[in-house]
Amino acid sequence: MIDITLEVNGKTKTLSVEPRHLLADVLRQEFGLSGVHIGCAHGACGCCTVHLDETPRLSCLTFAAQCDGSEIRTVESIGGPTAEHALQQAFRSEHGLQCGYCTPGFIMTLMPFIEEMVEQKRLPDDDEIREAMSGNICRCTGYHGIVAAVRKAVNLGLGGGI
Amino acid sequence: MRPASFEYHRATSLEHALELLGEFGENGRPIAGGQSLVPMMNFRLARPGHLVDINRLPLDAIEIAGPVLRIGALTRHIAYFDNPWIARHFPAFLDAVHYIGHPTIRRNGSIGGSISHADPTAELPAISVLYDADIVARSVTGERRIKAQEFFLSAYVTALEPGEMVVAVEFPIPPAASTGSFIELGERSGDFATASIGISLEHGGGKIVRAAMVCCGADLFPMRAPEVEDFLVGKPLVNPSGAEAGCIFAASIDPVDDHIASADYRRGLIAELTHRAIEAACTRALDKS
């Protein structure tokens, strides 16, 4: 066992983990963060995406032991319990989700993309949006609703209409 | 699935990492981004007894070192997009980076990891073969350079010895009048390639004076195409006979037949990609002049 200290969603905790424990499992089991979804456990579906030191990272391809001293953000840190963030609301209004299993991964993957677009003050075209989310698989929506949600969230961020 | 048990070691310096890898031999593996190694471990296709975490080592510099561009083993794929040297000297390299996995993989995966993993259709192994790169490997006993063409022995098999680790990849800088391109086709965006072709050309007076071509998908490692390289020398940039080059190459290969694609489909695909990659490289050179 290895002792590690993680700052997860603003709370710091020291715990003992086996080296083989995946960050995804530790976040779910030790931190109770069930929004970290595990789809494929080999880096193909994007469901388990979290932010590790502000960078999107697949938590199924990360050992918790590697993260000692790191800052981790999960979907639970976005928009509060009623999912008030503009991107989350846009997913809701644009039919960006149905079963919801992939949604936390999409949100965590797309957050920095949307922030980057807003910072650059530009609305990305659909191809660019699709490239940004190409590491995430959704089996319900057919992706059109997700693309529309991203467009809407960027638009809102830019202070434009919908 | 979850990985089998192993011991975890965080390297505090390159020397420390090499000592650990030397001690563990075949039972030890360095881990960088883990974007290929951890899936293999999760499937239990890889069961290293010891992982040596090199992520916190300063091995991510991209620098000009005399006649070569030296890329540190921990350089993440995303770093190439805004690197002026890659854009200026290695157009096929820059093209290829767009095909590596997807954004999250590109933020975390490293060149040392991709090269050491040696997936037969991975982009950076192909690019290192295309540009005649040297793989710089180090162990406790010293450092050696291995030509990329001699490094990839088969699918997931490299010339690395137990205890050795890739510390950098060195790309000879092509002359100013050069061009290139890389094209890949897979079943879906970011997935493993069915086939890919990389082209690098030197030119003068509107003609090709030296050519290099690499192909993934025709064999278990990225292979060069010496017949096509010879054929292209002397061809004009305006009409480089790319289709003919594709046919010449396709006739010389014996690709696998599997659930993704039949051998015939692969042969046809490789011929077409060869054609397109040559045309794209030449068009790029003409646009520049």
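The sequence lines fix the lettering, A, B, ..., with proteins before strands; numbering per chain opens at 1.
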Short question: side chain of [X], backbone of [Y] - any donor-acceptor pair under 3.5 Å?
X: Arg20(A); Y: Pro3(B); value: yes
X: Asn108(B); Y: Pro56(A); value: yes
X: Asn42(B); Y: Cys60(A); value: yes

For [X], is the [atom1] atom crowded, meaning more than 12 foreign heavy atoms sit under 6.0 Å from it?
X: Arg70(B); atom1: CZ; value: yes
X: Glu54(A); atom1: CD; value: no
X: Arg44(B); atom1: CZ; value: yes
X: Phe192(B); atom1: CZ; value: no
X: Glu119(A); atom1: CD; value: no
X: Tyr265(B); atom1: OH; value: no
X: Arg2(B); atom1: CZ; value: yes

Which bit of [X] comes within less than 4.5 Å of chain B, counting heavy atoms only: side chain, backbone, both or neither?
X: Phe63(A); value: side chain
X: Ile2(A); value: side chain
X: Thr109(A); value: side chain
X: Ala41(A); value: both
X: Glu18(A); value: side chain
X: Ile38(A); value: side chain
X: Leu22(A); value: side chain
X: Asn136(A); value: neither

Quiz item: Does the pair Leu37(B) and Leu61(A) meet the rule for a side chain to side chain contact (heavy atoms under 4.5 Å, CB included), with working shown?
Solution: CA-CA 9 Å; Leu37(B) 178 59; Leu61(A) 298 189; over 6 Å; no
Quiz item: Among His102(B), Gln35(B), Met40(B), which has the most heavy-atom pairs under 4.5 Å with chain A?
Solution: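 Of His102(B), Gln35(B), Met40(B), His102(B) has the most heavy-atom pairs under 4.5 Å with chain A.
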As an exercise, state the distance from [atom1] of [X] to [atom2] of [Y], rounded to the nearest 0.5 Å.
X: His42(A); Y: Ser36(B); atom1: NE2; atom2: OG; answer: 12.0 Å
X: Asn55(B); Y: Gln66(A); atom1: CG; atom2: CD; answer: 6.0 Å
X: Tyr8(B); Y: Asp68(A); atom1: OH; atom2: CG; answer: 8.0 Å

Quiz item: Under a 4.0 Å N-O cut-off, is there an ion pair linking Glu131(A) with Arg106(B)?
Solution: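 Salt bridge between Glu131(A) and Arg106(B), a charged N being under 4.0 Å from a carboxylate O: yes.
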Quiz item: What part of Arg56(B) is in contact with chain A, defined as an atom under 4.5 angstrom from a non-hydrogen atom: side chain, backbone, both or neither?
Solution: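 Contact with chain A: side chain only.
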Exercise. Give, as side chain, backbone, both or neither, the part of Leu51(B) having an atom under 4.5 angstrom from any heavy atom of chain A.
Key: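 Contact with chain A involves the side chain of Leu51(B) alone.
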Quiz item: Between Ser134(A), Ala132(A), Cys40(A), Pro19(A), which residue shows the highest count of heavy-atom pairs closer than 4.5 Å to chain B?
Solution: Pro19(A)
